[in-house]
Amino acid sequence: MRHRSVADLMTPTAVSVVPGTTFKEIARLLDEFDITAVCVVDESNRPLGVVSEADLVRRRAAGAVLDTAGALMSSPAVVARPEWSVVRAARVMDRASVKRLPVVDDDGRLVGVLSRSDLVQLFLRRDRAIQVEIVEDVVTHTLRLSPSALSVEVDDGRVTLSGTVRRSLVPVLLRLCNSVDGVVGVVDRLRYEDDDLSRK
C-alpha cells in the first residue's frame, strides 16, 4: 500500500519573492496568480518565511508600517520534502497551524508548495481506484486473503466490507482500509468464520 507523496500533489511552480519585495508587489502577485500566499526566499532560493494575504490584511489593520516581505513574513518557514507522505505533511500543517508548506529539495531549495486545497484532492479519488487498492493491496497482498473472501464496495469514498474473516483480522482490516488515500469512512458488515480470539 502506497500513500501519495507530497511530490504527487504539490504545485511545482511556487510563486516566491525576496525579502525586499514591497507590500504592493506582494498584493499584485497574490491577485495575478490567484493564490493566498507567497514564499519568501534568500538568494539561493531557500525559504525564509511565508507572507499570506491574512498577513497583509492583519498588518494594515493594525496600522503597522511594514512595507517589505522580510518584515511581513511569518518566519521561519515550516517546510516539507517531496518524498514525504501526504499524511505526514498534513500532520505537520496541523501541528504548526499553517495552511501551506513550501517544499524543498535535499539542498533546502524551493521546488514547490503544498496547500490544504492540494490535500483535498485525495478525497476526490475515484471509487474504483480505492476499491482496487483495497482488494489488491490490503486484502490480497498485505493480509494474504482470497479476494473472493470479502466484498468491497465503495460509494463516494465510503467503504463497505462484507464477507467472512477471522475475528482477529477485523481491527487490522478496518485500520488498513481507513488508511487508504481517499477513504472517508468504513462500514463493517463482516462475519466471523471462527472466534479465534476466544481461544487465547
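Note that the numbering runs from 1 along the sequence shown for the chain.
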Exercise. Return the minimal non-hydrogen interatomic distance between Asp107 and Arg46, and the atom names on each side.
Key: O-NE, 2.8 Å
Quiz item: Does Asp127 use its side chain to pair, donor to acceptor, with the backbone of Asp156 at less than 3.5 Å?
Solution: yes
Practice problem: Using atom types as modelled and distance alone, determine if a side-chain donor or acceptor of Ser5 lies under 3.5 Å from a backbone N or O of Glu83. | Solution: no
For residues 32-41, which side-chain donor-acceptor pairs fall under 3.5 Å, sequence neighbours excluded?
unit_1: Glu32; atom_1: OE1; unit_2: Arg28; atom_2: NH1; d: 2.3
unit_1: Thr36; atom_1: OG1; unit_2: Arg100; atom_2: NH2; d: 3.0

Quiz item: Where is the tightest heavy-atom contact between Ile130 and Val159, given as atom of each residue plus distance?
Solution: CG2-CG2, 4.3 Å
Self-check item: Heavy-atom closest contact (Leu101 atom, Ala80 atom, distance)
Solution: CD1-CB, 3.8 Å
Quiz item: Just wondering, do Val50 and Pro102 contact through their side chains at under 4.5 Å, heavy atoms?
Solution: yes
Quiz prompt | CD1-CG distance between Ile26 and Asp31, expressed to the nearest 0.5 angstrom | solution = 14.0 Å
Quiz item: Between atom CD of Gln131 and atom CD of Glu153, what is the distance when rounded to the nearest 0.5 Å?
Solution: 8.0 Å
Quiz item: Quick one: do Val6 and Val111 end up in the same hydrophobic cluster if we chain Ile, Leu, Val, Met, Phe, Trp and Tyr together by side-chain heavy atoms under 4.5 Å apart?
Solution: yes
Quiz item: For the atom pair CG (Leu161) and OG (Ser151), what is the distance rounded to the nearest 0.5 Å?
Solution: 8.5 Å
Exercise. Would you indicate whether the side-chain heavy atoms of Val17 and Val51 approach each other to under 4.5 Å?
Key: no
Quiz item: Considering all heavy atoms of both residues, which atom of Pro147 and which atom of Val135 are nearest to each other, and what is their separation?
Solution: CB-CG1, 4.1 Å
Quiz item: Just wondering, do Val92 and Val78 contact through their side chains at under 4.5 Å, heavy atoms?
Solution: yes
Quiz item: Can you tell if the side chain of Thr11 reaches within under 4.5 Å of the side chain of Ser115, non-hydrogen atoms only?
Solution: no
Quiz item: Are Val154 and Val138 connected in a single hydrophobic cluster, I mean Ile/Leu/Val/Met/Phe/Trp/Tyr linked by side-chain heavy atoms less than 4.5 Å apart?
Solution: yes
Exercise. Supply the atom-to-atom distance Leu30 CG to Leu56 CG, rounded to the nearest 0.5 angstrom.
Key: 6.0 Å
Practice problem: Kindly give the heavy-atom pair with the smallest separation between Ala69 and Val18, and that separation in Å. | Solution: CB-O, 3.5 Å
Quiz item: Once you round to the nearest 0.5 Å, how far does CG of Asp188 lie from CG of Leu174?
Solution: 5.0 Å
Self-check item: Val165 reachable from Val187 in the ILVMFWY side-chain graph, under 4.5 Å edges
Solution: no
Quiz item: When clusters are formed by joining ILVMFWY residues with side-chain heavy atoms under 4.5 Å apart, either directly or through shared neighbours, do Val87 and Val184 land in the same one?
Solution: no
Quiz item: For the salt bridge (charged side-chain N to carboxylate O under 4.0 Å, His left out) test, which of Arg128, Arg126, Arg125 pairs with Glu133?
Solution: Arg125
Self-check item: Non-hydrogen atoms of Ser44 and Asp42 that approach each other most closely
Solution: N-OD1, 2.8 Å
Quiz item: Okay, side chain of Ser75, backbone of Leu48: is any donor-acceptor separation there less than 3.5 Å?
Solution: yes
Quiz prompt | Leu114 vs Trp84 side-chain heavy atoms within contact, under 4.5 Å | solution = no
Quiz item: Taking Asp55 for the side chain and Ser52 for the main chain, is one N or O donor matched with an acceptor at less than 3.5 Å?
Solution: yes
Self-check item: Same apolar cluster: Val113 and Val79, side chain cutoff 4.5 Å
Solution: no
Quiz item: Do the non-hydrogen side-chain atoms of Arg81 and Val104 ever get within less than 4.5 Å of each other?
Solution: yes
Quiz item: Just how far is it from atom CG of Asp67 to atom OG1 of Thr21, taken to the nearest 0.5 Å?
Solution: 12.5 Å
Quiz item: So, do Leu150 and Ile134 sit near enough that their side-chain heavy atoms are less than 4.5 Å apart?
Solution: no
